[in-house]
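Reviewing the structure listed below.
The structure displayed is predicted, hence computed values, not measured ones. Reminder, nothing fancy here: chain letters follow the sequence lines and each chain counts from 1.
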Amino acid sequence: MKRRVSRAPPGGRLVPGRGLFRKYLLLFLSVVCVAVVSNALLDLHFSLRDHRALLAANQRLQAEVAAGRIRQFVGDIVGSLSWATQLSRTESTLEDWQFSTAHLFRRVPAIAELVRLDGAGREQLLVSRVAPTVIDSRNDLSRDPRFVGALASKVHYGPVYFLRETEPYMAISVADAESGVTIVEVNLGFVRDVLSQIKVGEHGRAYVVDSHGHLIAHPDISLALRNLDLSLVEPVRRALTPEPAPPEPRQPSWNAAGEEVLTAHAPVVPPGWHLLIELPIAEADAPLHAAIERSIALLVGVLLVGGVASLLITGRMMAPIEALHDGVARIGSGDLGRRIVIETGDELQALGEQINSMASRLEESHSSLERKVEERTHQLELANLAKSRFLAAASHDLRQPLHALGLFVAELPAHVRSVEGRRIIGRIDAAVSAMNEMFMALLDTSRLDAGTYRPDLSDFPIQSLLGRLTLTFTAVAEEKGLSLRIAPSTAWVRSDAVLVERILLNLVSNALRYTERGGVVVGCRRRGRDLRIEVWDSGPGIPEDERTRIFGEFYQSAVPKGGRRVGLGLGLSIVGRLCAILDHPIELTSIVGKGSRFAIVVPMLAEPPAAAEAVAPPAEIGIDAGQLVVIVEDDPLVLEGMRGLLLSWGLRVLACRDEGEAVAGICRLAQPPDLIISDYQLADGATGIDVIGALRRSCGARVPAFLVSGDISAELLQRAGSSGLHLLHKPVSPMKLRALVSRLLHHPEAAVPAVSTVAVPTVL
Amino acid sequence: MAAPTSRRSFIARIGVTGAASLAWPLSLAAQQPGSPTIGWLNALSPPTITRLIAAFHQGLLEAGYVEGKNVAVDYRWADGHYERLPAMAAELVQRQVAVLFAVSPAAVSAAMAATTTIPIVFLSGLDPVKAGYVSQLGHPGGNVTGVSLITSALTAKRVELLRELVPTAVRFALLVNPANPNIRTQRAAIESLDRSGDRRFTVLDAESAGAIDAAFASMAGLGVDALVIGADPYFTSRREQIVALAARHAIPAIYDWPEYVVAGGLMSYGTSLAAAYRKGALYIGKILKGARPGDLPVVQSSTFELVINLRTAQALGLVVPRLLLARADQLIR
C-alpha cells in the first residue's frame, strides 16, 4: 500500500490524512474478501466433487438399468423361443411348429427368420418374414456353429453380423431336450427401440457395442447402420478392458463424434455386449455452472454488504482518530486553546484528554515564555537606548578635539616649509580625514538604528546627484588608476535626494575601494515606472554565501593580498538601512572574480517638470584678504585652531570666548565684522543663536553668520533652521569651512540652504 | 413471412414492458426467415395418405422441425400421373429446395434425373443398389439416401400367404402398373414361382382406372382363382375401385398395404409405410442439420404386418385357417 503523508497546506493547518482510513478499510475488506472468497471456493470445490461423484453414481446406475433392459430384450427372445419349443415338444408335428413359429413371429417382431433343425442338424423348417416358408429341406447344418453352440451350451448367441452391411443381426440358437435345435435370426435394429426409451439427460444417449467394440445399436439410426468399429474410442476401449476401471476419479472423454462426454458402462451378459451411457459434459456440468453462477452472485452480494459494513466500521473507528489528528494538528500549529472532544469511553478518549492536558500545560508555559520574551525585549530596547545615548554623548565630547585637530592640521602647511614636513602633514591630514569619516559613519549607523530618520520626499532630477558623484570620485578613481564612467540621465525621481545621494556615494565609494583594476560604471535604466540606478564594478565579486551578510554591520570582503583594510565596513550596512527606510529595493548580482552590480530601484516621474532647471555646480570662490571674522567659541583649543586656520587664509580674526568678549572686541575695533562664526553650546547656558543675535544688534547690522556645533540632535537642527542660520557639525572639514566662509563673505544675503545638506556629512 | 406478424401479436399479448428482450426467443415459434424448404415429390394425392403425412410430420418433429415454423414443405402431388413427376421434380429443383423427399420409384427416378446436387431422400420398394439409387447401402456416397421398403421382394411371400387362405387356387394373377419401374422385379418374382408346378401365373397390366376395370374383366375370362395386387402407389390411390372390383368378381386378393384391407380388401402383407415415412422425415431432419446424404446409410424396413379382413373372407366363402389367424398381426371383423 502506498503510504500518503498529509502535508500542511500553506495556511499551516494540517488536514487529517486519509491513509489510516484506507488502511483499515482495506484491512476489513480483505478480511471479508478472504473469508467469503475462500468459503465460496471451498464450497465450489466440494460441490464439484460431490456433483461429479453423484453424477458418476447416477450414470452407473442408469447404465445398469439400461443394460438390464437390453438383457431383458435378449432374454425375452430366448424365453419366447424356449416357450415355443417346449410347446411343440410333445407332439412335434410340422403344423405345430408352424403354429408356434407364427406366435413367435407375432410376439417378437425382431425375429426375422426361424430355422428348426432336428437332432442331426438337418433343416426341418425355415420360416422367414420375407421369403416363402421352406419345409423339410433336409439341409445339413450339423457343422453350423449355431447348431454346435446350442448343443454345447443349450443357448448359443452367435456373433453380431451386418446384413448387407447395414442391419445388425445376431443368431440365437436354443437346443431343446429331445428334438433338436431352433435358430432365430434377430434383427438387432429393434434394440434401438429399447435404447430410445432410455433417457439420458437432455442430450445424453445410451448405445450398445458388441464384444469387439462394434456398434450394434445407437439412438441415431444413421450411426447404428454403419457397422462402426468403436473399439478405439476411449469410453468403449475402457468398457472393453477386462479389469474394472476404478470408479474415481472420472474424467470426461471424447466420443466418436468428438464431443466431450461423461460416460458410464455396464456389461450386457449374455450375450457379452457392453452398454455405454454418455452425457455431454456441458449438460452434465450445467447444474454445476448454475451453482457457480449462484455462488458468484452470492459472493458479489456478500462482498457488497461486507464493503458497506467495512466502510461503516472504519468510519466509526476513524472518527475519533480524525478528531485526535485534527486537534493535535491545530494545537501543533499554535492554536493552544484548542481542546479535543471524544466521547467513546475508551483509550482514545483517554488519549484525547491527555492531549488536552498537555495542551493546557503548553499554553501556560507558552504564555509565561511570551512574558519573558517581552521583558527581555524591553531590556534590550533599554540597553539599545543607553547605547544610543552614550554614543550621542561620546560624539559630542569627541567632536571637539577632532574638530580642533582638523583645524590645526589645516593651518600647519602655512608654517612648515620643508618638503619632509609637508609630506608628514599630508599623512596626518589623510589620517585625520579617515578618522573623521569613520567616526561619522559610526554615528550615522547609530542614528539610523535609533530610527530618527524621516525621509523627506521631493521630485528631483537624478542628474544632480550623478554630477556630484562625478565631482566627488573622479580624483579618487584617477589616483587608483581606475576608470569611472557615470552615464548622464534626464530622469526625474521621487525620493529623498539626500538619502539617495548617500546610498550612491556609499555604493560608488565601496566599488572604488574594492576594485583593483578595470573600473566602475554608474548608469540608469528606465524600468516601467521605476528608475533602476546601477553601479557596476570589476572588483573581486561577492560569493553567493556572503551576499546576505554584506548588508550587515562591519562586513568586509576578504582583504585582497597586499591590500589593506579600509573603513569600518559600515557602508553597505548603511545602504541597506537607507533603502529600507526609503522602501527602495536593492539588488545585487555578482560573479566572483569578475565583478558586482548593485542596483537600487527608485520611483520615476513619468514627465519631468516643465521648469526643470539645470543645477549648476557651485563655483569655487576665493576669499578676499583682510575681512574681519568674529569667532565665538568656549573651547580654547578649538578657538585657537579656528583662529589659526582663518588667519592662514588671510582673514582678520576676532577670537572670543563669549558674547561679552565679542561685543567688547567689536567696540574696540570700531568696525562691524564681515562674518560671525559661533559655537552653539557656549558656557553659562548661552547658545550661538543668542550670541549672534546680540552681536548683530550691537553692530546694528545683519552680519552674515553661521553656527558650528558638536551636537547633532534634530532639535538643534530645527532651531538653527528656524533662526535662518547655517549650521556646521564638528568636526568640520577645513575645506567645507572655507567654502561656507567664502560664500557668506561674497553673498551676505544668500538664502539659508536646506539644513540637511550641511547637517549630514557627504561621505560616510 | 409470418415472423413479423407473430412477433407483433406476441408483444401485444404480453404487453410492451420488457417485451423486446423476450420477444426473440419465443418468436422462434414463428416461421423463421430463411428457414429451409423440403421439396415433396409424391406420386399419390393427399387424401389417400393422410395417415402417412401425419407419420412424416411426426418424424420431422422428432428431428426438431415443425412445418410452418422452422421448415417449409413445397408439396407436389402427381395424383397417380407418373408422367407429371419429372416436370414437378425440375420445378422443385429450380426453386432451390433444401432437400427432395421422393416417394415411389417413379418419383425417385424423376428427382434423380432433375438434380445430382440437391439431397434426395427416397422411399422406394426397389432394391436401392440394383435400382441405381446408391452404390452401397452402408455408405451411399452420392446425394441420394432413403428408406428401402422391401415390398416387391415380398411378392412370393404374398403368393404363399394367399395360397394358405385359398388352398384350392391354381390360377394366380398379378396386377402390375407398367409405369412403375418395379415391374421387372415383380415379374421376376412371379416367374420364379411359375416354375414350381401346380400353380399358374398371369401378369396383367393396368395404368389407369379403365385399364383396371379391363384387367378385372379379363380375369373373369381367364378363370383366375386368386389375385396379387402389385406394389404401386397408383394402385394404392385407386384402392377403393380395386377392392370393389375384387368383391364384384369374387376374386380373393392380397395387397401390399393395410389400407386396402381397411377399405374391404381380403388381406395385406408388407412393411409399415408409416414407419418408412417417419424414418424418411428423420433423415430429412439430419440433412437439414448439415449431414451429407452420402454418409447416411439406407434404412431397410424391418417391420412386417399381416392384416386379414374376416368379413371379406366370409363374404368370399373362405375359412381362415388357424395358422394364418395365429400369424395375423391384425384382424378386421
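In this structure, V191(A) and V186(A) have side chains that are not in contact, with every pair of non-hydrogen atoms separated by 4.5 Å or more. Counting only heavy atoms from C-beta outward, the side chains of V261(A) and L279(A) never approach each other to under 4.5 Å. Looking only at side-chain heavy atoms (C-beta outward), I172(A) and I183(A) stay at 4.5 Å or farther from each other. Contact annotation: the side chain of F172(B) approaches that of L162(B) to within less than 4.5 Å [non-hydrogen atoms, C-beta and beyond]. Residues D210(A) and L215(A) have side chains not in contact (no heavy-atom distance under 4.5 Å, counting atoms from C-beta outward).
Between F122(B) and F101(B), the ring center distance fails the sub-6.0 Å criterion.
The only member of L125(A), V134(A), L141(A) that meets side-chain contact (heavy atoms from CB on, under 4.5 Å) when paired with V115(A) is L141(A).
Within the 4.5 angstrom heavy-atom criterion, only side-chain atoms of F190(A), from C-beta onward, approach chain B. F105(A) does not touch chain B: none of its heavy atoms, backbone or side chain, sits under 4.5 Å away. With a 4.5 Å cut-off on non-hydrogen atoms, A291(B) does not touch chain A at all. Residue contact with chain A, scored on non-hydrogen atoms closer than 4.5 Å, is absent for L161(B). In this structure, chain A has a heavy atom under 4.5 Å from the backbone of V298(B), while its side chain stays farther away.
Ion pair D140(A)/R138(A) not flagged as a salt bridge, since none of the NZ, NE, NH1 or NH2 atoms sits closer than 4.0 Å to an Asp/Glu carboxylate oxygen.
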Less than 3.5 Å apart and able to act as donor and acceptor by atom type: which atom pairs between chain A and chain B qualify?
from, atom 1, to, atom 2, distance (Å)
R106(A), NH1, A326(B), O, 2.9
S128(A), O, K157(B), NZ, 2.7
R129(A), O, Y269(B), OH, 2.4
A131(A), O, K157(B), NZ, 3.0
T133(A), N, E160(B), OE1, 2.3
T133(A), N, E160(B), OE2, 3.4
T133(A), OG1, E160(B), OE2, 2.8
R164(A), NH2, D127(B), OD1, 3.2
R164(A), NH2, D127(B), OD2, 2.6
E165(A), OE1, Q136(B), NE2, 3.4
T166(A), OG1, Q300(B), NE2, 2.9
E167(A), OE2, Q300(B), N, 3.2
D220(A), OD1, K286(B), NZ, 2.7
D220(A), OD2, K286(B), NZ, 2.8
R226(A), NE, D295(B), O, 3.0
R226(A), NH2, D295(B), O, 2.6

